[in-house]
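Take a look at the structure below.
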Number of protein chains: 2
Amino acid sequence: MDQFHAYLAKNQLKSTRQRDLIAYKFFSTEGHISIEELLALSRTENPRIGYATVYRTLKLLTECGLAAMRRFGDGQTMYETAGDTEHHDHLICIECGHVLEFQNEEIEREQERVARSFGFNLVRHRLELYGMCPKARGIKGGSCPHDDASKSLRALRPSRS
Amino acid sequence: MDQFHAYLAKNQLKSTRQRDLIAYKFFSTEGHISIEELLALSRTENPRIGYATVYRTLKLLTECGLAAMRRFGDGQTMYETAGDTEHHDHLICIECGHVLEFQNEEIEREQERVARSFGFNLVRHRLELYGMCPKARGIKGGSCPHDDASKSLRALRPSRS
DNA sequence: GTCCCTGCAAACTATTTGCACCGGG
DNA sequence: CCCGGTGCAAATAGTTTGCAGGGAC
């Protein structure tokens, strides 16, 4: 939040009620959230907020590195907090659509090496692993890593398959 | 091409002039191609081909695993051949937008390990590295890996940023 | 007060769909 | 022949933009 305000100030942009509310709701979210979900959340506090403002605010957040855009193949674009939290990648179940996050130093290091071997200066990357979770594979007693899917707003969306 | 026809036959779908042409043009392409580019290519042989047919054909190709959809952050969706060719990942220059392909066994193996550690059965993945190529970083004599940008249709598109 | 910001609606872009006619098996 | 495929245009979905009025600094 402070970083956001700092960015605004540095660019002669204003801190407004709407921006603060949207940013606040965004930072309070775990995992991934879509524009639509963020709009809905924001409207619980201020029903007059419009789509455009959410889009514009999220663009600002992305510019200052506090949000990251993700497109997981299906429907709409998802956003997640970035910057203060440490980097992570994604593991997505192709059956139930749930998204897990993970970190792996070995992969990070190797990526850096690959980029350097092409003379590139690695700035960022995106790694998504798609597979079937234990439950989806029909392992009856399999402790599916996402049995506690409580935090997943995405789970509400019907999987297109 | 044969695999495509096999897939069509297996699903009681027809092999038509348009599908064959589009698929042929698609397989003749190196690297990544957009719907629009593929339509343009196809129209050089048959000007009456429509957008919808290209979309529908590419959807078929994707279903049977011969094409893969890619979304590199910016504009439109790109497609590339898959299946027969061996797997590769992407290295994208954030300055000039050029896309290189690479392979790295170490990363592949590590991904497999990560997925397994979560009980997942890894089906596919997507890895994109974004960075600045030597030229973009202002290294004068730097032999930019894409000095021969001849094959890149994408280079025509103005970079948004 | 000066601009930037907001909400609305219209505009845009990428993609999908309905439908009448065409053509492959 | 039959049923899926095609081309067109219209419909959608997600996102962006123009503009008149409102608010932060």
Side-chain angles (χ1 to χ4, degrees), chain A residues 4-25 32-40 42-43 45-64 67 69-79 154 157-158 160-161, chain B residues 4-25 32-40 42-43 45-64 67 69-79 154 157-158 160-161:
Chain A
F4 182 41
H5 284 155
Y7 178 81
L8 292 178
K10 188 168 49 169
N11 294 277
Q12 295 106 54
L13 300 174
K14 291 170 183 172
S15 162
T16 66
R17 251 172 291 120
Q18 293 92 329
R19 278 181 182 167
D20 286 356
L21 172 58
I22 294 169
Y24 174 74
K25 287 293 184 183
H32 316 87
I33 190 171
S34 69
I35 294 280
E36 205 160 351
E37 289 160 355
L38 186 52
L39 175 65
S42 302
R43 279 187 170 162
E45 311 254 334
N46 178 348
R48 309 201 58 259
I49 295 224
Y51 265 98
T53 304
V54 179
Y55 274 105
R56 289 188 275 230
T57 303
L58 229 24
K59 178 177 284 184
L60 284 177
L61 286 167
T62 302
E63 280 167 18
C64 61
M69 190 191 285
R70 300 277 169 189
R71 289 188 186 173
F72 300 120
D74 55 356
Q76 46 203 321
T77 304
M78 306 294 284
Y79 291 82
R154 289 183 79 244
R157 188 143 42 94
R160 188 186 314 213
S161 171
Chain B
F4 182 40
H5 284 155
Y7 178 81
L8 292 178
K10 188 168 49 168
N11 293 277
Q12 296 106 54
L13 300 173
K14 292 171 185 172
S15 163
T16 66
R17 252 173 290 121
Q18 294 91 329
R19 278 180 182 168
D20 286 357
L21 172 57
I22 294 168
Y24 174 73
K25 288 293 184 183
H32 315 87
I33 190 170
S34 68
I35 294 279
E36 205 160 351
E37 289 159 356
L38 187 52
L39 175 66
S42 302
R43 278 188 170 162
E45 312 254 334
N46 177 348
R48 308 202 57 259
I49 294 223
Y51 264 99
T53 303
V54 179
Y55 273 105
R56 290 188 273 229
T57 303
L58 229 24
K59 179 178 285 184
L60 284 177
L61 286 168
T62 303
E63 280 167 18
C64 62
M69 189 191 285
R70 301 277 169 190
R71 289 189 186 171
F72 299 121
D74 54 358
Q76 47 203 319
T77 304
M78 307 294 285
Y79 290 82
R154 291 184 78 244
R157 189 140 43 93
R160 191 190 305 219
S161 171

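Chain identifiers are assigned alphabetically (A, B, ...) following the order of the sequence lines, protein sequences preceding nucleic acid strands; residue numbering begins at 1 within each chain. Here the structure is a predicted model, which is why all the values come from computation and not from measurement. Just the heavy atoms: all of them, side chains too, but no hydrogens, waters or symmetry mates, feed the values below.
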Practice item. Starting at atom CG of B:Leu39, determine the distance to atom C1' of D:dT6, rounded to an integer number of angstrom. Key: 13 Å
Exercise for review: May I ask you to list the residues of residues 53-61 of chain B, by number, that have any heavy atom positioned under 4.0 Å from an atom of DNA chain C?
Suggested key: B:Tyr55, B:Arg56
Review item, side-chain donor-acceptor pairs of residues 16-23 of chain A, under 3.5 Å, at least two apart:
unit_1  : atom_1 : unit_2  : atom_2 : d
A:Thr16 : OG1    : A:Arg19 : N      : 3.2
A:Arg19 : NH1    : A:Lys14 : O      : 2.7
A:Asp20 : OD1    : A:His5  : NE2    : 2.9
A:Asp20 : OD1    : A:Ser15 : OG     : 3.3
A:Asp20 : OD2    : A:Ser15 : OG     : 3.1

Point to revise | Between D:dC8 (C1') and B:Arg43 (CZ): distance, integer Å | key: 11 Å
N/O donor to acceptor pairs below 3.5 angstrom from side-chain atoms of residues 46-56 of chain B, sequence neighbours left out:
unit_1  : atom_1 : unit_2  : atom_2 : d
B:Asn46 : OD1    : B:Arg48 : N      : 3.0

Review point. Roughly how far, to the nearest 0.5 Å, is CD1 of A:Ile33 from OG1 of A:Thr77?
Key: 13.5 Å
**Study point:** Separation between CG of B:Leu58 and OG1 of B:Thr62, rounded to the nearest 0.5 Å
**Key:** 5.0 Å
Exercise for review: State the CZ-OH distance between A:Arg71 and A:Tyr79, to the nearest 0.5 angstrom.
Suggested key: 8.0 Å
Check your understanding: Could you state the CD-P distance from B:Glu37 to C:dT15, rounded to the nearest angstrom?
Key -> 12 Å
Review point. What residues, two or more places apart in sequence or in another chain, satisfy side-chain hydrogen bond (donor to acceptor under 3.5 Å, both in side chains) together with B:Arg70?
Key: B:Glu80
Exercise for review: Would you indicate whether the side-chain heavy atoms of A:Glu37 and A:Met78 approach each other to under 4.5 Å?
Suggested key: yes
Review point. In chain order, what residues pass the side-chain hydrogen bond (donor to acceptor under 3.5 Å, both in side chains) check against A:Glu45, with sequence neighbours excluded?
Key: A:Lys25
Revision key, fill the gap. Taken in chain and number order and not counting sequence neighbours, the residues that satisfy side-chain hydrogen bond (donor to acceptor under 3.5 Å, both in side chains) with B:Glu63 are B:Tyr7
Practice item. Round to the nearest Å and state the distance from B:Arg71 atom CZ to C:dT13 atom P. Key: 17 Å
Review point. In whole Å, what is the span from the CD atom of B:Glu36 to the P atom of C:dC12?
Key: 16 Å
Check your understanding: For the helix from C:dG1-D:dC25 to C:dG25-D:dC1, how many degrees between its two end axes (five pairs per end), to the nearest 10°?
Key -> 40°
Practice item. First locate atom CE of A:Met69, then atom NE2 of A:His32, and finally report the distance between them rounded to the nearest 0.5 Å. Key: 14.0 Å
Distances for protein N or O near nucleotides 9-12 of chain D N or O, under 3.5 Å:
none

Revision key, fill the gap. CG of B:Leu8 to SG of B:Cys64, rounded to nearest 0.5 Å, is 7.0 Å
Point to revise | Whole-Å distance separating the CG atom of A:Asn46 from the P atom of D:dG22 | key: 16 Å
Review point. Can you list, by residue number, the residues of residues 5-24 of chain B that have a non-hydrogen atom closer than 4.0 angstrom to DNA chain C?
Key: B:Lys14, B:Ser15, B:Arg17
Exercise for review: Measure the distance from OH on B:Tyr51 to P on C:dT17 and round it to the nearest whole Å.
Suggested key: 18 Å
